[in-house]
Amino acid sequence: MTRTIYNFNAGPAILPRPVLEEAQRDLLGLPGVGLSVMEISHRSKAFEKIIQEAEQALRQLLGLSADYHVLFLQGGASLQFSMVPMNFLPAGGSADYILTGEWSKKAVKEAAKVGKVSVAGSSEKESFSRIPRPEELRLDPKAAYVHFTSNNTIYGTQWKTEPEVGAVPLVCDASSDILSRPIPVEKYALIYAGAQKNMGPSGVTVVVIRQDLLERVPPGLPSMLDFRLQAQNHSLYNTPPCFAIYLAGLVFKWSIGIGGLATIDTINREKAKVLYDVLDASEFYRGTAERDSRSLMNVTFRLPSEDLEARFVKEATAAGMEGLKGHRSAGGIRASIYNAFPLAGAQILADFMKEFERTNG
Ligand code: PMP
């Protein structure tokens, strides 16, 4: 018998059990094909069906109109930090970035190598404990685009609604909360996300991009970094990450099967509430995110000392809870509770927290 391990890893992270079981069942031979998805041509009929079904399922989940392309790329969300400005930040132009954590900082760092970047809002002075308020944003109506990070994986904060950017194209790094809730997708010009939290294994990066943006792509970019070329070739300009796309397709279908984004959002709220209720009732634990900025994906908190934090992680691990140590740049504890994470796991952690406080508080 294998012991149940509750997987709180921040990414790569937990995947839906039925998806892993289906992949295991079909690993040596896809039904009707007899060969594994890793051993067939990316130009075969069988793979064409896999990538098309993955795209269709994602379109259904997000409610994408024909104005949007879906791309399955490589290089992680980190390559998008460069690819977005290379495609959309023209010489003489300027792009607005909203700084809400380490990942948006990295996005700024890469964009600044390409062109002019303006930090249109930041919560760095408050250790990224909150999302900037609308009146704090200094948005340039002439900006090439506005970039924000919808969920800050390290600091446990999340935008509740999109920043209001008027007619300026809105670009979002949604790596750690894509598909966790319904979004008004028509507000976005471009959404990118590494798959390894809510969509699948690492190795594939999903990009949703509006058609009109592709017309801005300058000539002469390296082919692999050219959004227009990738869209024209339906993500098959070169060999794509076939297995990761296959698995992401299964996750998309699973997400539809459990009721789609509205249902997933309801469950995610319920899970997060179980943990935030413990934080709110305690003098021992201190949540690091301000209440109205709290993430439903990554619940971050501190204990009274680093020694207690180390003991907390050690004892939680021994009790079957993996991955609770906070990111190395933030410290503390982080419980990542992505879509595939079960409510029962949040309840078990909540009970463990109460008991740990009783014996150590
Ligand atoms: N953005 C966010 C919000 C992230 O959480 C991460 C990874 N944890 C990244 C970007 C970087 O993603 P990748 O490792 O796929 O480059």
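Order of appearance sets the numbers: ligands from 1, and atoms from 1 within every ligand.
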inquiry  = To check your reading of the model: name the closest protein heavy atom to atom 7 (C) of ligand 1, its residue, and the distance in Å.
reply    = Trp103 CZ2, 3.4 Å
query = Which bit of Lys197 is near ligand 1, meaning a heavy atom under 4.0 Å away: side chain, backbone, both or neither?
reply = side chain
task = Look at the side chain of Asn233 and the backbone N and O of Ser235, then say whether any donor-acceptor pair between them is shorter than 3.5 Å.
result = no
inquiry  = Distance under 4.0 Å to a non-hydrogen atom of Gly76: what atoms of ligand 1 satisfy this?
reply    = 15 (O), 16 (O)
query = Taking non-hydrogen atoms only, is Tyr192 closer than 4.0 angstrom to ligand 1 via side chain, backbone, both or neither?
reply = neither
inquiry  = Would you say Thr288 and Thr300 are linked by a side-chain donor-acceptor pair, where the criterion is simply a distance under 3.5 Å?
reply    = yes
query = Any N or O of Ser78 that comes nearer than 3.5 Å to an N or O of ligand 1?
reply = yes
inquiry  = Check this for me - ligand 1, Gly75, N or O atoms closer than 3.5 angstrom, yes or no?
reply    = no
Gln80 side-chain N/O to Ile191 backbone N/O, donor-acceptor pair under 3.5 Å = no
ask   = Are Glu21 and Arg25 close enough for a salt bridge, meaning some N to O gap below 4.0 Å?
value = no
query = Taking the side chain from Ser123 and the backbone from Arg130, do they hold a donor-acceptor pair closer than 3.5 Å?
reply = yes
request  = Go through ligand 1 atom by atom and flag the ones less than 4.0 Å from a non-hydrogen atom of Phe81.
outcome  = 10 (C)
note = Nearest non-hydrogen protein atom to atom 10 (C) of ligand 1, with distance, is Asp173 OD2, 3.4 Å
inquiry  = Please list the nearest protein heavy atom to atom 12 (O) of ligand 1 with its residue and the distance rounded to 0.1 Å.
reply    = Ala77 CB, 3.5 Å
message = Quick check against the 3.5 Å criterion: does Asn87 have a side-chain atom that pairs as donor or acceptor with the backbone of Leu225?
response = yes
task = Please state which part of Asn151 comes within less than 4.0 Å of ligand 1, counting heavy atoms only: side chain, backbone, both or neither.
result = backbone
message = Please check: side-chain N/O of Asn198 versus main-chain N/O of Asn339, any donor-acceptor pairing under 3.5 Å?
response = yes
query = atom 14 (O) of ligand 1: which protein heavy atom is closest, and how many Å away?
reply = Gln196 NE2, 3.5 Å
remark   = closest protein heavy atom to atom 3 (C) of ligand 1 is Thr153 OG1, 3.4 Å
inquiry  = Under a 3.5 Å cutoff, is there a donor and acceptor pairing between the side chains of Asn268 and Ser180?
reply    = no
